[in-house]
Amino acid sequence: MAARGEFSSRLGFLMAAAGSAVGLGNIWGFPTQTAENGGAAFVIVYLALAFLLAYPALMAELTIGRAKRANVVDALGHISEGKVAHYIGASVGLAGVLTASLILSFYAILAGWMMSHMVEPITTMVGATDASSWLLSQGPFRDTLFTILFSVLTMLIIVGGVREGIEKWSTRLMPSLLTILIALILYVLLQPGAVEGLQLYLVPDFSRITDPDLLMNAMGQAFFSLSLGVGTMLIYGSYVSEQENLPRLGASLTLIDTGIAFTAGLLILPAMFVAQHYGTPIYNDAGELAAGPGLIFSVLPSVFDSMGGIGPIVAIAFFLLMTIAALTSSISMLEVPVSFVSEHFGVPRKIATFVAGFIILSFSIVIVFNFEAMFGFVADLATVYFEPLIGLAFCVFAGWLWSRNEAMKALASGHPDGEGAWFVKVWPYYVKFVCPTLIIAMLYPTIMGLF
Ligand code: PHE
């Protein structure tokens, strides 16, 4: 068997893992959820959950991955002795592979929308008005074309493997993403109306903090944003060297991810109020703030339009930012099925990539042609239910089924204080009791609401 891939350095891992974590979830999902859930109250709950729940759950995936050095199915299948544990582990792993694939199938469509909006300012500048209106209106042919383009880009990167594909491209793309984001924020904050958006974003309405919907949304958002509950972080963990201090890498990753989500809020919420200043309605009839596609595809473009000559350039920059963010995430989703198929069945990586990639792409196209019936359903199924449930299963495996000695040894490897570090001592109990309790408590109202 060919040697397994490994990230070349700490920075290589951080770029790749941050590339995975920072995606449409941060730049679109987080600000939208914040706008829908009463502004700053949501931000506070989100930050608390990210560090108190998502970070330790992330450590479960990274630690299992690094210790078992395998794809999610084989890693979970070998967590403890015995046939029953083996089958349960492998089944949870397969559920992860399925969920990663489902997420990629709808994510590629969204990313395709970003690409078509990125091209549109160009057709408008050259006066191709028909092409422009085609690029701006959602329809099965436009969506199929751009979904195919985006999916093929994802496959071409993943074919390259860990260093030449994932690490190389994440390291190239992440700094450009940050540069574009900061430039856009500086511009928007100087526009009229921006301060009102900042207020909504930063001054909390504490009465909403205990709202069960807000809690559930914040947890779902935190899991999605850190790419948890699908095996992405497990497989990235399996490419980290034994010499690295894993709790510290995980903490840096959580900080980067929440930091960028928070920063994206500094762009999107003020931009909404700038748009309002220029005459675009940002509240619907029910008095709620615009969210969802309307926010990205009509509110923000109206800000770009108000900018005069540089508007089209800023629009291209913004949609390029979204496309890059989506691409470094989509590669990490595709890595889950690809690593499983290539390692488990011994299939060459190239074949595994194109087989998995095209099966998922075909499913995306089925969604495109049945958009109303399928899109929301697939997205909710994968992110609201499967991700937290599988995330719960990872915590249960790490806390209950894995021998504590082995888990501590795996976590401590590369830590300067070894098994004496307080985090290494506390974490096994934390994932065993605290994480599952929190996840169940928050999922309970949603699951009960189904009946
Ligand atoms: N974290 C990514 C985002 O915020 C989405 C993602 C989910 C990536 C699951 C990989 C796995 O957009």
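Just so you know, ligand 1 is whichever comes first in the structure, and atom 1 is the first atom listed for that ligand.
Here the closest non-hydrogen pair linking Arg10 and Glu244 is NE-OE1, 3.0 Å.
An N or O contact shorter than 3.5 Å is missing between Leu226 and ligand 1 by distance. Taking distance alone, with nitrogen or oxygen atoms compared against 3.5 Å, Leu24 approaches ligand 1 more closely than that limit.
The closest heavy-atom contact to atom 11 (C) of ligand 1, among the options Ala17, Ser227, Ser20, comes from Ser227. Nearest residue to atom 6 (C) of ligand 1 from Glu335, Met333, Glu387, Met233 is Met333 (criterion: closest heavy atom).
Heavy-atom contacts of Ser225 reach the following atoms of ligand 1: 1 (N), 4 (O) (cutoff under 4.0 Å). With ligand atoms numbered from 1 in the order given, ligand 1 contributes 4 (O) to contacts under 4.0 Å with heavy atoms of Asn26. Close contacts of ligand 1 with Ser332, meaning ligand atoms under 4.0 Å from a residue heavy atom, involve 10 (C). Atoms of ligand 1 lying under 4.0 Å from at least one heavy atom of Gly25, given by number and element, are 3 (C), 4 (O), 12 (O).
With a heavy-atom cut-off of 4.0 Å, Tyr107 touches ligand 1 through its side chain alone.
If you look at Phe394 and Trp402, their ring centroids are not closer than 6.0 Å. Here the two rings, on Phe262 and Phe30, have centers that are 6.0 Å apart or farther.
Atom 4 (O) of ligand 1 has Ala21 O, 3.0 Å as its closest protein atom, hydrogens excluded (heavy atom only). Scanning the protein heavy atoms around atom 7 (C) of ligand 1, the nearest turns out to be Phe224 O, 3.6 Å.
Counting non-hydrogen atoms of neighbouring residues, nucleotides and ligands closer than 6.0 angstrom, the OH atom of Tyr283 exceeds 12 such neighbours.
With Tyr55 as reference, Phe423 is the one residue of Phe223, Phe423, Tyr430 to meet the ring pair (Phe, Tyr, Trp, His ring centres under 6.0 Å) rule.
Although no hydrogens or angles enter the test, the distance criterion places no donor-acceptor pair under 3.5 Å between the side chain of Ser413 and the main chain of Ala410.
A salt bridge is defined here as a Lys NZ or Arg NE, NH1 or NH2 lying under 4.0 Å from an Asp or Glu carboxylate O, and Glu343 with Arg4 meets this definition.
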